[in-house]
Amino acid sequence: MKRQNLWLQAALLLCLLVALGEFIALRWLAPVYVVRALERLSGGKLVVGQAQLSLPLTTTFVGLRVASNTDAAAVSMQRVVIRPRWFSLARRTLWLDSLEIEQPLVRISRTEAGELHWPAIPGAGRFKSGMAYPALNSPLPGPWRIYINSLTVAGGTVEYVDEQPQSPFHGAVDHVSMVMGG
């Protein structure tokens, strides 16, 4: 009668437990942490419905929107996929292989009194031409540089709600494509 190799069984069981632990961490624990970190870094100005992580470090945000959205002015994105390439803490630089934004919505409106309502985008509106960019309200030290290799925006909508039309305008833009950069 042969004796069973307990060392081999223990090693296989340990590998299985490690793989199960990594799956649980990537599937349930890490996305909750990523959502909280993004909301904290934006100072509570961004709200994320759900986050998903997949290898190699691809992050998908579903239901990303500005917290101060109203019926008159809003910014939201149905899905954002970020594929990082590399980062350097010393240089404070992040290289993204691709950034995909699906079904973004920007809503601007003008009331009957002629008042324009613009979306309150975090960090926008406080920069002027020739002005140095102030540091965002975040725990990270100083400004970061972000390089994006490929940016894709698909299926977006820009809504302009005019409650005070000067003259009737009937028009639509069916398809717009832009190729930028080099």
Side-chain angles (χ1 to χ4, degrees), residues 31-32 34-54 58-84 92-140 142-182:
V32 172
V34 168
V35 167
R36 287 184 183 159
L38 181 64
E39 290 176 350
R40 188 187 58 171
L41 284 174
S42 70
K45 295 178 182 177
L46 292 177
V47 177
V48 180
Q50 179 184 4
Q52 300 169 347
L53 297 175
S54 58
T58 299
T59 307
T60 303
F61 296 110
V62 178
L64 183 67
R65 66 180 175 84
V66 176
S68 60
N69 281 351
T70 63
D71 289 338
V75 173
S76 64
M77 291 162 249
Q78 186 66 34
R79 188 168 179 243
V80 177
V81 180
I82 301 170
R83 290 184 181 90
R92 289 183 263 166
T93 305
L94 172 66
W95 289 272
L96 299 179
D97 193 34
S98 69
L99 175 63
E100 299 171 9
I101 302 172
E102 296 178 9
Q103 297 179 350
L105 167 73
V106 177
R107 182 180 306 125
I108 304 164
S109 65
R110 182 171 69 165
T111 64
E112 291 178 356
E115 183 180 326
L116 278 174
H117 292 278
W118 290 90
I121 300 172
R126 59 183 180 176
F127 304 121
K128 296 178 183 172
S129 178
M131 180 177 129
Y133 292 100
L136 292 175
N137 209 1
S138 74
L140 296 176
W144 277 64
R145 288 189 194 119
I146 300 175
Y147 295 99
I148 302 172
N149 187 32
S150 171
L151 173 65
T152 305
V153 180
T157 304
V158 177
E159 291 181 359
Y160 179 67
V161 181
D162 194 0
E163 297 175 5
Q164 182 197 24
Q166 300 292 332
S167 61
F169 172 75
H170 302 284
V173 177
D174 188 9
H175 180 78
V176 176
S177 292
M178 241 189 312
V179 177
M180 299 173 18

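The first residue of the sequence shown is numbered 1, and numbering continues consecutively from there.
- Contact detail for A154 and P104: the closest heavy-atom pair is O-CD, 3.7 Å.
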Could you go through the side chain to side chain contact (heavy atoms under 4.5 Å, CB included) check for T152 and I101 one step at a time? CA-CA 6 Å; T152 305; I101 302 172; over 6 Å; no
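- In this structure, CD1 on I82 lies 6.0 Å from CG on L99, to the nearest 0.5 angstrom.
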V75 vs W118, side chain to side chain contact (heavy atoms under 4.5 Å, CB included): CA-CA, chis, key distance, verdict: CA-CA 9 Å; V75 173; W118 290 90; over 6 Å; no
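- L64 CG to L46 CG: the interatomic distance, rounded to the nearest 0.5 Å, is 5.5 Å.
- Sorted by first and then second residue, the side-chain hydrogen bond (donor to acceptor under 3.5 Å, both in side chains) pairs involving residues 63-74 (not counting sequence neighbours) form an empty list.
- Shortest non-hydrogen contact noted between G44 and A67 is O-CB, 3.5 Å.
- The shortest heavy-atom contact between A73 and P119 is CB-N, 3.5 Å.
- Between L96 and I146 the shortest heavy-atom distance is CD1-CG2, 4.0 Å.
- For residues 99-112, the pairs satisfying side-chain hydrogen bond (donor to acceptor under 3.5 Å, both in side chains) are R79-E102, R83-E100, R107-E159, R110-D162, with sequence neighbours left out.
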